[in-house]
Amino acid sequence: MKRFDLRHLKNDFYDRMGELIDSELTDGEVGIFLFEIGDFENISKSAEFIKNRGDDLMNSIRFNHVDWTLVVKKKVR
């Protein structure tokens, strides 16, 4: 399990999250991604992004007042 802080990317974290899943996680490994909520639309868009990639969204929770956490399991390819 690895943790990635994407808060510094604000609303532009999707591409980087995909890159990290591809390059830093092994098949079946879980990653925890922290991002800034900003617009609440980011929450539903991030879940859709993971689904479209074919990975498993295991959890999506509010971390604090401004941050959100996604727990993602990389699909075995």
Side-chain angles (χ1 to χ4, degrees):
M1 182 181 304
K2 296 178 182 168
R3 181 180 178 273
F4 305 97
D5 188 344
L6 304 177
R7 291 177 290 184
H8 64 284
L9 298 174
K10 305 292 182 195
N11 290 333
D12 298 319
F13 64 93
Y14 302 102
D15 290 337
R16 183 65 179 142
M17 182 168 56
E19 291 170 5
L20 290 168
I21 292 170
D22 291 338
S23 65
E24 298 293 326
L25 298 179
T26 59
D27 289 352
E29 186 175 18
V30 173
I32 300 171
F33 297 90
L34 185 64
F35 66 92
E36 190 174 294
I37 295 172
D39 182 358
F40 269 95
E41 186 176 284
N42 286 333
I43 297 164
S44 59
K45 285 171 67 176
S46 62
E48 189 67 27
F49 177 81
I50 295 301
K51 179 183 173 186
N52 289 339
R53 287 181 43 87
D55 299 308
D56 295 322
L57 179 61
M58 300 178 69
N59 207 339
S60 175
I61 55 175
R62 189 173 200 155
F63 183 70
N64 57 35
H65 291 291
V66 294
D67 302 322
W68 200 267
T69 302
L70 296 179
V71 180
V72 178
K73 184 175 182 181
K74 182 177 179 179
K75 184 176 182 176
V76 176
R77 305 215 189 310

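Both backbone and side-chain heavy atoms feed into the values below; hydrogens, waters and symmetry mates do not.
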Just jot down the side chain to side chain donor-acceptor pair (under 3.5 Å) partners of [X], sequence neighbours excluded, or say none.
{"X": "R62", "answer": "none"}
{"X": "N11", "answer": "N42"}
{"X": "E24", "answer": "none"}
{"X": "K10", "answer": "E36"}

What residues form a salt bridge (charged side-chain N to carboxylate O under 4.0 Å, His left out) with [X], not counting sequence neighbours?
{"X": "D67", "value": "R7"}
{"X": "D12", "value": "none"}
{"X": "R53", "value": "D22, D55"}
{"X": "K45", "value": "E41"}

* Using the test side-chain contact (heavy atoms from CB on, under 4.5 Å), find all partners of N52 that sit at least two apart in sequence or belong to another chain. =>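 With neighbours one apart ignored, the set is E48.
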*State which residues pass side-chain contact (heavy atoms from CB on, under 4.5 Å) with V30; sequence neighbours excluded, sorted by chain then number.*
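Applying side-chain contact (heavy atoms from CB on, under 4.5 Å) to V30 gives M1, M58, V71, K73.
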**Message:** Could you list the cluster mates of F63? Members are the ILVMFWY residues connected by side-chain heavy atoms closer than 4.5 Å, either directly or through other members.
**Reply:**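 Answer for F63: L34.
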Test question: given the 4.5 Å side-chain rule for I, L, V, M, F, W and Y, name all other residues clustered with Y14, or answer none.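 Direct or chained contacts put Y14 with F4, L6, L9, F13, M17, L20, I21, L25, F33, F35, I37, F40, I43, F49, I50, L57, W68, L70, V72.
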In this structure, are over 12 heavy atoms from other groups packed under 6.0 Å from K2 atom NZ?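 Correct, the count exceeds 12.
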* Asked: Does D15 CG have over 12 foreign heavy atoms under 6.0 Å away?
  ->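 Open: at most 12 neighbouring heavy atoms sit under 6.0 Å from CG of D15.
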